[in-house]
Amino acid sequence: MNAISTGALRADTLSTFDPALAYINAHSFDEPTLVISRDRVLAQYKALQAGLGAARIHYAVKANPAPEVIKILADQGSGFDAASRAEIALCLAAGAAPEKISFGNTIKKPGDIAFAHAAGIGLFAADSLSELEKIAAQAPGAKVYLRVLVQNSLADWPLSRKFGCAPAMLPELMQAADALGLIVHGLSFHVGSQTRQASAWAPVLDQIAPHWHAARAAGFDLQLLNIGGGFPADYGQDIAPPSQYAADVMALVQARFGAVAEIMAEPGRGLVAGAGHIAAQVLLVARKDTADLHRWVYLDIGRFSGLAETEGEAIRYPFVTAHDGGETGPCILAGPSCDSADILYEKRPVQLPLALQSGDKIVIRNCGAYTSSYASVGFNGFPPLHVTVI
Ligand SMILES: *Cc1c(COP(=O)(O)O)cnc(C)c1O
């Protein structure tokens with residue numbers, strides 16, 4: 001197998017030696033494999049935490065739930081944003097203290113709330129009356145934070161209207177929580193995933209801040225501002241270094257919220273994406289018509305085996321091959337399964353080397369987030385994404 005170049009990606013603030021890429025270069029793989037570097041997870045955690053200052057990281061577990069990743073973060077004293085009983089159990093098993101775990105899903109099973117409560121977890125998210133009632137029944141006296149709907153997100157992967165309540169509903173929800181015996185601890189929001197510019201947080205913070213101040217003026221003793229995730233990964237676009245980005249966000253928060261007792265951030269993508277690359281293989285390079293200028297390139301990994309975020313071609317991963325530097329041409333990229341939805345990039349084809357051929361290794365860069373956790377159990381008999389933590 002030929003050695004694979006590091007490609008034309010811009011250098012970041014981390015060490016230029018890339019352990020996961022070196023590992024992929026040195027090994028061959030029977031199945032698509034996500035290689036995650038422990039050193040990179042740790043370095044990124046430290047860089048983000050440095051920029052966030054007094055704000056505490058609660059890692060969004062769904063981005064990459066590999067037990068080794070959770071353990072590295074738990075050992076650093078990180079907090080965790082968990083969305084289910086299984087994610088909570090994973091964090092506890094890695095040694096995370098229950099006080100450092102928040103149950104941040106606004107759509108919880110009553111049994112999962114009871115499990116969390118029994119395990120000593122005391123902080124829950126809600127965005128509706130019904131969810132507050134569930135929490136009050138299963139975790140009496142717990143602290144809650146209310147998630148506020150964000151409009152006009154500038155993110156590459158906005159989180160839509162599925163989460164959060166309109167700000168106008170906050171007074172009534174806070175009163176209801178109070179009447180149910182819950183502690184109204186704070187507010188949360190999410191700017192949308194892969195928000196590439198820190199400045200894009202400003203209009204979102206402007207939506208939330210007046211309601212924070214109004215609630216405090218109305219006598220609700222809000223302590224916690226949960227600024228969510230949205231910290232970007234480097235997919236080959238212009239992204240500020242993690243500590244700089246986080247510091248810029250915190251300056252915007254400070255300017256609008258002033259002194260807040262507790263600030264919590266929930267990076268997922270921005271913490272783990274850059275720590276891992278996928279080693280994949282080209283299965284077929286074909287033209288559908290002799291006159292076609294573009295080629296179809298089929299990989300052994302697709303939409304159902306880890307690359308779900310290519311949906312809508314919203315997230316565009318950078319690729320590295322042994323032929324980089326040679327002449328390139330446009331390619332439609334697709335996965336191996338017998339489903340026509342299993343196409344990764346078609347509307348905007350990907351430039352890949354003309355020399356690329358079936359059997360070649362291809363590296364999908366910076367995809368340590370939202371890949372292994374998105375892989376199906378075995379659609380068409382293709383296995384879920386293998387994960388190797390080095
Ligand atoms: C998924 C999620 C996150 C992480 O978002 P990223 O954009 O990956 O940083 C944070 N908070 C909540 C509540 C989430 O659901």
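For ligands, and for the atoms within them, numbers begin at 1 and follow the listed sequence.
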Discussion item. Evaluate Q194 for polar contact with ligand 1, using N/O atom pairs at a separation under 3.5 Å.
Written reply: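 In this structure, Q194 places no N or O atom under 3.5 Å from an N or O of ligand 1.
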[X] near ligand 1, heavy-atom distance under 4.0 Å?
{"X": "F163", "result": "no"}
{"X": "G230", "result": "yes"}
{"X": "R147", "result": "yes"}
{"X": "G270", "result": "no"}

Run the numbers for me: atoms of ligand 1, each under 4.0 Å from some heavy atom of [X], listed by number.
{"X": "A60", "answer": "3 (C), 4 (C), 10 (C)"}
{"X": "Y370", "answer": "1 (C), 4 (C), 5 (O), 6 (P), 8 (O)"}
{"X": "P267", "answer": "9 (O)"}
{"X": "G229", "answer": "5 (O), 9 (O), 10 (C)"}

Worksheet entry | Point-to-point distance, once rounded to the nearest 0.5 Å, from CD1 of I343 to CZ of R303 |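 The CD1 atom of I343 sits 8.5 Å away from the CZ atom of R303.
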Worksheet entry | SB check K71 E68 (cutoff 4.0 Å) |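 The answer is no: the pair does not qualify as a salt bridge.
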Item to complete: List the steps, then state whether side chain to side chain donor-acceptor pair (under 3.5 Å) holds for D360 with H323.
Response: CA-CA 9 Å; D360 281 353; H323 308 291; 2.7 Å; yes
Worksheet entry | Among K62, E266, H190, closest by any non-hydrogen atom to atom 2 (C) of ligand 1 |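 Checking each option, the heavy atom nearest atom 2 (C) of ligand 1 is found in K62.
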Worksheet item: How far apart are the C-alpha atoms of K108 and E131, what are their side-chain angles, what is the distance that settles it, and do they pass the salt bridge (charged side-chain N to carboxylate O under 4.0 Å, His left out) test?
Response: CA-CA 8 Å; K108 295 176 281 300; E131 191 70 15; 3.1 Å; yes
Worksheet item: Do H386 and D30 have side-chain atoms, one donor and one acceptor, less than 3.5 Å apart?
Response: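 Distance-only check fails for H386 and D30.
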Item to complete: Return yes when atom CD of Q197 has more than 12 non-hydrogen atoms of other residues, nucleotides or ligands closer than 6.0 Å, and no otherwise.
Response: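 12 or below, so no.
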